[in-house]
Amino acid sequence: LARDRAASGQPVHRDFSTLTLNVALSDADDFIGGGTRFEGPGDVTLTPVRAGDAVAHAGRTRHAGAATTEGERYVLVCFLASTAPDHARLS
């Protein structure tokens, strides 16, 4: 469970997971800013609108937590990993 307060965010990083799932626990009316910013050409920031909306991405994708500039934003972050990855399927 993550809580983002005004002026908080996360630097660009990669997760140590196969898949990361971010589930919004707050409605967009409760905060300004926030979201998951994906690094790359034409950076994209995804901000769920309603509690229950989710963003999923490959854990090794470089991303950051965009700063919440007002209010509080709650997010349930799930890290899914395989104990025996099938490398042939990943090629």
Side-chain angles (χ1 to χ4, degrees):
L1 179 63
R3 177 174 78 172
D4 292 336
R5 295 182 188 182
S8 68
Q10 281 195 332
V12 175
H13 64 279
R14 297 177 200 252
D15 299 330
F16 190 68
S17 64
T18 303
L19 182 71
T20 300
L21 179 66
N22 299 310
V23 181
L25 300 179
S26 303
D27 288 323
D29 295 341
D30 297 336
F31 60 91
I32 295 174
T36 304
R37 182 176 63 80
F38 295 95
E39 186 181 63
D43 284 358
V44 172
T45 300
L46 299 176
T47 305
V49 176
R50 295 178 305 263
D53 287 352
V55 173
H57 63 86
R60 303 306 295 160
T61 301
R62 288 177 54 85
H63 64 284
T68 298
T69 56
E70 195 173 303
E72 291 187 341
R73 179 174 85 110
Y74 291 87
V75 181
L76 176 64
V77 183
C78 304
F79 300 105
L80 307 168
S82 172
T83 56
D86 181 354
H87 294 286
R89 288 185 55 205
L90 299 175
S91 313

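These numbers come from the heavy atoms of this one structure, side chains and all, not from hydrogens, waters or symmetry mates. Numbering of residues begins at 1 and proceeds along the displayed sequence.
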>> Closer than 3.5 angstrom, by distance alone: can the side chain of R60 be matched with the main-chain N or O of D15 as a donor-acceptor pair?
In response: yes
> Under 3.5 Å, side chain of N22 to main-chain N/O of V77, donor-acceptor pair present?
Replying inline: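 Absent.
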>> Hydrophobic cluster membership, with links at side-chain heavy-atom distances under 4.5 Å among I/L/V/M/F/W/Y: are V55 and L19 in one?
In response: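 No, because V55 and L19 fall into different hydrophobic clusters, even though each may have its own neighbours under 4.5 Å.
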> Going hydrophobic residue to hydrophobic residue with side-chain gaps under 4.5 angstrom, can you get from L76 over to L21?
Replying inline: yes
In Å and rounded to the nearest 0.5 Å, what is the [atom1] to [atom2] distance from [X] to [Y]?
X: E39; Y: H63; atom1: CD; atom2: NE2; answer: 11.0 Å
X: I32; Y: T68; atom1: CD1; atom2: OG1; answer: 10.0 Å
X: R73; Y: D30; atom1: CZ; atom2: CG; answer: 11.5 Å

>> Checking F31 now: which residues fulfil ring-ring contact (aromatic ring centres under 6.0 Å, His included) with it, not counting sequence neighbours?
In response: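 Not a single residue meets the ring-ring contact (aromatic ring centres under 6.0 Å, His included) criterion with F31.
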Closest approach of [X] to [Y] (non-hydrogen atoms, all atoms of both residues):
X: R14; Y: R62; result: NH2-CD, 3.2 Å
X: A51; Y: D27; result: N-OD1, 2.8 Å
X: A28; Y: P48; result: CB-O, 4.1 Å
X: A64; Y: Q10; result: CB-O, 3.3 Å

>> With side chain to side chain donor-acceptor pair (under 3.5 Å) as the rule and sequence neighbours excluded, what pairs involving residues 45-56 come up?
In response: none
> Parallel, tilted or perpendicular for F38 and H57, by the 30°/60° rule?
Replying inline: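 F38 vs H57 ring planes: perpendicular.
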